[in-house]
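Data block below; observations after.
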Amino acid sequence: MTSDPATGEPESPIEHALAGGEPQRVGWFRFYFADERWEWSPQVERMHGYEPGTANPTTELVLSHKHPEDYGQVAATLLEMRRTSGAFSTRHRIIDTGGDVHQVVVVGDQLFDDTGAVIGTHGFYVDVSPSIAQARQQAVTEVVAEIAEARGAIEQAKGMLMLIYRLDEDAAFELLKWRSQETNTKLRLLAEQLARDFLALDYSETLPSRVVFDRLLLTAHQRVCSEV
């Protein structure tokens, strides 16, 4: 068994396995029942917003970093851990010193002394908050999806205008864009409203009079404003 270079104490298998973890994403902790003393690895200190070696974790400090909506859950877990000296796991939010919220998974197990007596708990934190790269990718994915959705609505409305007014694709798009600009209505919303209006018309084999479509085209923006 290896030793913790900071304390010289034996390092548990969990702590040894986490030693090569991604910086600030995974770290270990220890909690001693007798004096309610906590120890945090440098990674866990950083998760909470502290520079390594500057935090002096106490139960009060640990709980002070919990998100208000998760505080009760974590406090109850700590009480149960003290009562049973058993293993535990929880997923909750912490707020670091800079005010940023982190989603963390915390897993703990019994900590034994040399005689085999349970003297506390030890385990690890995993910061499962989306990374900057993941958040950026998610934002890009959402934008692409929104563009695709908007394009689909616009293409549908264009096709309807092409059929009704016997226009080519470019002219249909220019007509749609002109109504969008004239009425100060987003192009996608206007296209969606026109499609709904045209599809809601009641007819069988013969299309309604052109004047019906004209009226819908010229007033579609008013229905957009009333529905959004």
Side-chain angles (χ1 to χ4, degrees), residues 22-26 46-49 65-74 90-106 125-228:
E22 181 183 349
Q24 292 185 264
R25 303 288 288 186
V26 183
R46 290 193 184 98
M47 280 182 209
H48 289 80
H65 281 281
K66 306 308 177 186
H67 190 283
E69 294 178 5
D70 299 337
Y71 182 95
Q73 166 207 336
V74 177
T90 179
R91 180 180 181 131
H92 59 272
R93 290 162 291 181
I94 63 174
I95 303 175
D96 66 24
T97 57
D100 293 327
V101 178
H102 302 254
Q103 287 274 357
V104 296
V105 171
V106 183
Y125 279 71
V126 183
D127 188 339
V128 295
S129 307
S131 66
I132 294 176
Q134 289 173 322
R136 185 181 297 117
Q137 182 59 45
Q138 178 65 23
V140 170
T141 300
E142 291 173 357
V143 169
V144 170
E146 184 176 347
I147 291 173
E149 181 182 358
R151 183 175 296 167
I154 293 168
E155 289 299 318
Q156 184 180 33
K158 276 170 49 180
M160 292 177 172
L161 293 174
M162 290 168 67
L163 173 65
I164 293 164
Y165 292 100
R166 296 181 181 275
L167 303 172
D168 63 23
E169 183 176 357
D170 290 340
F173 180 68
E174 287 302 317
L175 175 59
L176 190 61
K177 188 169 68 173
W178 170 70
R179 289 307 300 155
S180 170
Q181 294 171 343
E182 283 289 308
T183 61
N184 194 29
T185 307
K186 288 185 178 180
L187 188 61
R188 177 180 64 84
L189 296 179
L190 185 65
E192 289 174 345
Q193 185 62 52
L194 272 176
R196 283 194 295 269
D197 289 342
F198 289 169
L199 290 173
L201 289 173
D202 185 17
Y203 63 91
S204 54
E205 295 182 0
T206 304
L207 290 174
S209 168
R210 176 76 63 80
V211 69
V212 173
F213 291 105
D214 292 345
R215 188 177 301 115
L216 291 175
L217 176 61
L218 294 174
T219 60
H221 66 285
Q222 297 173 353
R223 289 180 292 284
V224 169
C225 294
S226 65
E227 293 184 13
V228 174

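The model shown is predicted, which means the values in this text are computed figures rather than measured ones. As a basis for the values below, the full set of heavy atoms in this structure was taken, side chains included, without hydrogen atoms, waters or symmetry mates.
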How close do Asp127 and Val104 get, heavy atom to heavy atom, and via which atoms? CA-CG1, 4.2 Å
Please name all residues satisfying salt bridge (charged side-chain N to carboxylate O under 4.0 Å, His left out) with Lys158, sequence neighbours left out, ordered by chain then number. Glu155, Glu169
Return the set of residues passing side-chain hydrogen bond (donor to acceptor under 3.5 Å, both in side chains) with Thr97 (not counting sequence neighbours), or none when no residue passes. none
Going by side chain to side chain contact (heavy atoms under 4.5 Å, CB included), name the residues that satisfy it together with Leu175, two or more places apart in sequence or in a different chain. Leu161, Tyr165, Leu167, Trp178, Leu217
Could you tell me which residues satisfy ring pair (Phe, Tyr, Trp, His ring centres under 6.0 Å) with Phe173, sequence neighbours excluded, listed by chain and number? none
Among residues at least two apart in sequence or on other chains, which ones pass salt bridge (charged side-chain N to carboxylate O under 4.0 Å, His left out) with Glu182? none
For Gln181, what residues pass the side chain to side chain contact (heavy atoms under 4.5 Å, CB included) criterion, not counting sequence neighbours? Lys177
Would you indicate whether the side-chain heavy atoms of Met160 and Leu194 approach each other to under 4.5 Å? no
Not counting sequence neighbours, which residues clear ring pair (Phe, Tyr, Trp, His ring centres under 6.0 Å) with His92? List them please. none
Who passes side-chain hydrogen bond (donor to acceptor under 3.5 Å, both in side chains) against Arg179, sequence neighbours left out? none
What pairs with Arg215 under side chain to side chain contact (heavy atoms under 4.5 Å, CB included), at least two apart in sequence or on another chain? Val211
Under the ring pair (Phe, Tyr, Trp, His ring centres under 6.0 Å) test, which residues partner His102, sequence neighbours left out? none
Sorted by chain and residue number, the side chain to side chain contact (heavy atoms under 4.5 Å, CB included) partners of Leu201 (sequence neighbours excluded) come out as Tyr203, Pro208, Val212, Phe213, Leu216
Sorted by chain and number, sequence neighbours left out, side-chain hydrogen bond (donor to acceptor under 3.5 Å, both in side chains) with Asp197 holds for Gln193, Arg223
